[in-house]
Each structure stands twice: as structure tokens, then as C-alpha cells.
Amino acid sequence: MAGELAGQVALVTGAGRGIGRACAEGLADAGAKVVATARTESDLDELRLHASGRIETWTADVTDDVFIERIETIDGLSILVNNAGGNRPQPFVEVDTESLDFVIDLNVRAAFRVAQAAAKAMLAQGVKGSIINMSSQMGHVGSPKRTVYCMTKHAVEGLTKAMAVELGESGIRVNSVAPTFVETALTKPMLENPEFRDFVYGMIPMKKLASLDDIVAAVLFLSGPGSSSVTGHSLRVDGGWTAQ
């Protein structure tokens, strides 16, 4: 993939850790200039030192109006990895309003606004780009203690399809990547619970978690010329979880 994305400009949200950081690094390694954003400045330290020298970091909150407006100023923006998101697992009948609002605001409202701003930038500059919404296998199935998260990721899948239909004529492709559980700093504590770990592995026919490299490979495919006729698609990197 080295050099395949040379001349491309990518924005990656939620790039401070885990999947977002790996995607920012992968895009830069493939030749793209990357704007990597996160709320916590220290989380971006490693990206600033990336060997490619092609990663610019912004400390920003995706729910902030100033950040949304700034997206539209990115010169030549051609790739968006709309990755920022969150979850607060709770039994359905115990979901509190604050948690409900938090997850919906981050996973749906902010994701919509970031995608909208990126599309505006691409349209204004006549760029034929690729927008990749980070979804989840939970955007295709249900799961206990994840009603709010499943709801928001189903919304992301609907948004992806509708955007693809509306923006296709302008040459902007819109797809999602839908991973299964990936062992990151966020999921590691959950996976250390034997009961939860057994549940997860029991749902994955391949009996393995997705790796960060697996997710980056999906993002690079959807960013590059090999997917030039792929839009409105959800690329499930889930080891077969949703095939059952």
C-alpha cells in the first residue's frame, strides 16, 4: 500500500487511541497527508512523531461547532474516517437519560455533522472522495446490554446508505467498516472478564478477535482505487459473527 494514497488528504476523528490511531498511521504509511483529531492532546503525542511526517494533529471535540466548521476548511480533503464514538453498556431497563443522550450525541449527531462537513468540503472543492463511517457488527445485530449502542450503529448504517445514494453522482463514495470486538485499551478490561470473553468468542465462528491491522486494511481498501465502484456497503470485519 506504500504510496497508493499519495496526494490524498485524510481526516481521522477519534485518532488518539486504538482503531483511530491505527487508521491515521496506516493512511500516512500509504502516502496520504493525515489530519488526526482527538479530545485529549496527550493521546496525540505518538502521532506527532510518526516517521512519515505526514500527520497533523488537532486537539478537538467532534461535538464542538468550531471543529465542524474547521473541517470545511481542509484543503483537498478526499478521505474521511469518521471514527469517533463511544459506548456505555447497561441493561436496557437501567439505561439512564444522561448515558442515552451521551451515546446518541456522539455516535449519531456528531457522526452526522462530521460527515456532512466533510462532504461539503469535498463538494465545494470538486473532490471525488471516500467517506468511511466507523460502524460495528452491532449495526447489523442486537446484543445484551448494548441497546443504545446497537441503535446508534444501526443509524450509522442507514446514514451510510442514504449518503451513498445522494452523493454518488458527485463521485463521493460512502461506506462503513463494521468490526467485531478488537482488543484495545477500551475493550481490554471488558475482555478480562471470563464470562464476557467466553460470550464474545462463542459468537465468532473464527474464534479470534479482529486486530487493528484487520481494521486498517479495510479502511485502506475503501480509501483506495481498488474500491472505486464500492459505495453504500458495510464491510464487516467480524469473523463471521453476523453470518449466523
Side-chain angles (χ1 to χ4, degrees), residues 1-2 4-5 10 12-30 36 38 43 46-47 50 79 81-91 103 106-107 111 130 132-157 160 175-224 226-227 230 232-244:
M1 288 294 295
E4 185 168 302
L5 299 179
V12 182
T13 64
R17 306 182 219 174
I19 290 173
R21 179 185 293 180
C23 287
E25 292 173 336
L27 289 163
D29 287 340
D43 286 345
E46 287 186 27
L47 289 174
H50 191 262
I79 298 166
V81 181
N82 199 4
N83 172 70
N87 188 19
R88 290 185 181 178
Q90 293 174 300
V103 178
L106 184 56
N107 290 4
S130 174
I132 301 162
N133 293 319
M134 194 58 66
S135 180
S136 166
Q137 65 188 14
M138 300 303 176
H140 299 275
V141 295
S143 192
K145 298 183 181 179
R146 281 167 172 75
T147 50
V148 180
Y149 187 74
C150 288
M151 176 176 68
T152 61
K153 292 304 183 178
H154 275 72
V156 167
E157 294 293 348
T160 299
N175 296 285
S176 69
V177 172
T180 187
F181 287 92
V182 182
E183 189 160 333
T184 65
L186 181 67
T187 62
K188 188 177 180 181
M190 295 187 291
L191 291 164
E192 287 175 348
N193 179 322
E195 183 179 354
F196 181 72
R197 189 176 182 88
D198 288 346
F199 164 71
V200 169
Y201 277 86
M203 293 296 293
I204 302 175
M206 293 186 73
K207 303 305 178 190
K208 69 183 188 73
L209 302 177
S211 69
L212 289 174
D213 287 344
D214 293 332
I215 311 309
V216 173
V219 167
L220 291 177
F221 168 67
L222 293 173
S223 299
S227 61
V230 179
H233 177 69
S234 181
L235 181 46
R236 306 181 198 185
V237 188
D238 69 354
W241 185 308
T242 62
Q244 303 175 87

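Keep in mind that this is a model prediction, so the values were computed, not measured.
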- Query: Going through the checks in order, is the side chain to side chain donor-acceptor pair (under 3.5 Å) test met by Asn133 and Thr160?
  - Reply: CA-CA 7 Å; Asn133 293 319; Thr160 299; 3.0 Å; yes
- Query: Considering all heavy atoms of both residues, which atom of Ala24 and which atom of Ala36 are nearest to each other, and what is their separation?
  - Reply: CB-CB, 4.2 Å
- Could you walk me through whether Val237 and Val177 pass side chain to side chain contact (heavy atoms under 4.5 Å, CB included), step by step? CA-CA 7 Å; Val237 188; Val177 172; 4.1 Å; yes
- Item | Worked check of side chain to side chain donor-acceptor pair (under 3.5 Å) between Asp238 and Thr180 | CA-CA 4 Å; Asp238 69 354; Thr180 187; over 6 Å; no
- Message: If the condition is ring pair (Phe, Tyr, Trp, His ring centres under 6.0 Å), which residues does Phe196 pass it with, not counting sequence neighbours?
- Response: Phe181
- Task: Tell me, please, which residues at least two apart from Glu46 pass side chain to side chain donor-acceptor pair (under 3.5 Å).
- Result: Arg21
- The side chain to side chain donor-acceptor pair (under 3.5 Å) partners of Asn87 (sequence neighbours excluded) come to none
- Heavy atoms of other groups near Arg17 CZ, more than 12 under 6.0 Å: no
Please list every donor-acceptor pair under 3.5 Å in which a side-chain atom of residues 139-146 meets a protein atom from a residue at least two apart or in another chain.
residue: His140; atom: ND1; partner: Arg236; partner atom: NH2; Å: 3.1
residue: His140; atom: NE2; partner: Glu157; partner atom: OE2; Å: 3.2
residue: His140; atom: NE2; partner: Ser234; partner atom: OG; Å: 2.8

- Find out whether Pro205 and Gln244 are in side-chain contact, i.e. whether some heavy atom of one side chain is under 4.5 Å from a heavy atom of the other. yes
- Query: Can you name the nearest heavy-atom pair linking Val200 to Leu191, along with the distance?
  - Reply: CG2-CD2, 4.3 Å
- Query: Taking side chain as C-beta onward, heavy atoms only, is Val219 less than 4.5 Å from Val12?
  - Reply: no
- Query: Who are the ring pair (Phe, Tyr, Trp, His ring centres under 6.0 Å) partners of Tyr149, not counting sequence neighbours?
  - Reply: none
- Those residues that, when tested against Asn83, pass side chain to side chain donor-acceptor pair (under 3.5 Å) (two or more places apart): none
- Query: With a 4.5 Å heavy-atom cut-off, do Asn175 and Leu235 have their side chains touching?
  - Reply: no
